[in-house]
Undergrad: 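Right, I'll just put the structure down here and ask away after.
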Amino acid sequence: MVDDVGFGLLLDRQQCLALLGTASLGRVIFTHRAMPAVRPVRFTVVDDAVVFAVPTSSPLYAGARDAVVAFEADDFTADFGAGWYVSLLGRATESPAGDAGIACLCPCPALAGRRFLRIPVEAITGHRIACHAE
């Protein structure tokens, strides 16, 4: 199915999650000082949730923990002629401190002063894009 802006193949939930599993860098969109903010994070997908480490002293931790946030990841060719993007919404929560399973999977380990935030997928959309010459 083509999306509402006339390009790209709309992906289902499982396709979106599979593509997220191939990426390791994404963006968290949250509120900071009553304004939208975006921060890049290294992440992994665990049980239909995006998980990433974040310093507890950061605006991202303060603005995202226990709040509804958006997350986006993508992968495109160098000329942007083909690729995909996935966006999701969910309430970010802190993973338990002793969750060693997440610590082993996350590409950015929890160093001193960092905690893991988890965004369970409540809503997800994705598109695969391919520009074809007429």
Side-chain angles (χ1 to χ4, degrees):
M1 172 193 311
V2 175
D3 71 6
D4 57 353
V5 272
F7 68 94
L9 176 68
L10 187 61
L11 303 171
D12 67 27
R13 179 184 178 92
Q14 291 308 321
Q15 291 169 315
C16 290
L17 289 169
L19 287 170
L20 280 179
T22 68
S24 61
L25 184 68
R27 288 160 292 285
V28 179
I29 299 88
F30 63 103
T31 302
H32 176 61
R33 297 183 180 170
M35 298 295 290
V38 180
R39 294 292 187 275
V41 295
R42 293 181 55 78
F43 73 97
T44 193
V45 178
V46 179
D47 298 328
D48 289 0
V50 169
V51 179
F52 56 95
V54 61
T56 56
S57 61
S58 71
L60 173 56
Y61 182 78
R65 190 173 66 105
D66 297 326
V68 174
V69 299
F71 181 85
E72 195 274 339
D74 55 56
D75 186 33
F76 288 94
T77 58
D79 66 358
F80 296 103
W84 59 268
Y85 66 92
V86 171
S87 301
L88 65 88
L89 294 173
R91 180 172 296 277
T93 58
E94 188 170 337
S95 288
D99 196 342
I102 289 176
C104 292
L105 293 172
C106 195
C108 184
L111 304 171
R114 292 179 182 245
R115 298 289 187 269
F116 288 107
L117 289 183
R118 180 180 187 276
I119 307 170
V121 176
E122 295 176 24
I124 192 167
T125 59
H127 295 84
R128 186 175 295 281
I129 299 168
C131 295
H132 301 287
E134 295 284 328

Undergrad: Any pair with a residue in residues 43-53 that passes salt bridge (charged side-chain N to carboxylate O under 4.0 Å, His left out), sequence neighbours left out, goes on the list, sorted by first then second residue, please.
TA: R13-D48

Undergrad: Determine the minimum heavy-atom distance between G83 and F76, stating which atoms define it.
TA: CA-CD2, 3.8 Å

Undergrad: Can you list the other members of the hydrophobic cluster that holds V38, where links are side-chain heavy atoms under 4.5 angstrom apart?
TA: I29

Undergrad: Kindly compute the distance separating OH (Y85) from NE2 (H127), expressed to the nearest 0.5 Å.
TA: 4.0 Å

Undergrad: Would you mind listing every salt bridge (charged side-chain N to carboxylate O under 4.0 Å, His left out) that reaches into residues 52-63, with sequence neighbours excluded?
TA: none

Undergrad: Please enumerate all residues that pass side chain to side chain contact (heavy atoms under 4.5 Å, CB included) together with A62, with sequence neighbours excluded.
TA: none

Undergrad: Indicate the atoms forming the closest heavy-atom contact of V68 with R91, along with that distance.
TA: CG2-NH2, 3.7 Å

Undergrad: Would you say P59 and R39 make side-chain contact, with heavy atoms under 4.5 Å?
TA: yes

Undergrad: Considering residues at least two apart in sequence or located in another chain, which fulfil the side-chain hydrogen bond (donor to acceptor under 3.5 Å, both in side chains) criterion with T77?
TA: D79

Undergrad: Hey, what do you get for CZ (F71) to CZ (F52), rounding to the nearest 0.5 Å?
TA: 7.5 Å

Undergrad: Identify the heavy atoms of L19 and T22 that sit nearest to each other, and give their distance.
TA: O-OG1, 2.6 Å

Undergrad: According to salt bridge (charged side-chain N to carboxylate O under 4.0 Å, His left out), does anything in residues 64-73 pair up with another residue at least two apart or in another chain? List the pairs.
TA: R27-E72

Undergrad: Evaluate the criterion side-chain contact (heavy atoms from CB on, under 4.5 Å) for residue pair V41 and L60; output intermediate values, then yes/no.
TA: CA-CA 10 Å; V41 295; L60 173 56; 3.7 Å; yes

Undergrad: Yes or no on side-chain contact (heavy atoms from CB on, under 4.5 Å) for I124 and L17, after CA distance, side-chain angles and deciding distance?
TA: CA-CA 9 Å; I124 192 167; L17 289 169; 4.1 Å; yes

Undergrad: Could I get the full list of side chain to side chain contact (heavy atoms under 4.5 Å, CB included) partners for Q15, not counting sequence neighbours?
TA: L11, D12

Undergrad: Could you give the distance from OH (Y61) to CG (L117), rounded to the nearest 0.5 Å?
TA: 6.5 Å

Undergrad: From L20 CG over to S87 OG, what is the distance, rounded to the nearest 0.5 angstrom?
TA: 9.0 Å

Undergrad: Restricting to non-hydrogen atoms, name the atom on T125 and the atom on C16 that form the minimum distance, rounded to 0.1 Å.
TA: C-SG, 3.6 Å

Undergrad: Could you report the tightest heavy-atom contact between L25 and P40, atom names first, then the distance?
TA: CD1-CB, 4.3 Å

Undergrad: Taking all heavy atoms of W84 and all of A23, pick out the closest pair and write down the distance.
TA: CH2-CB, 4.0 Å

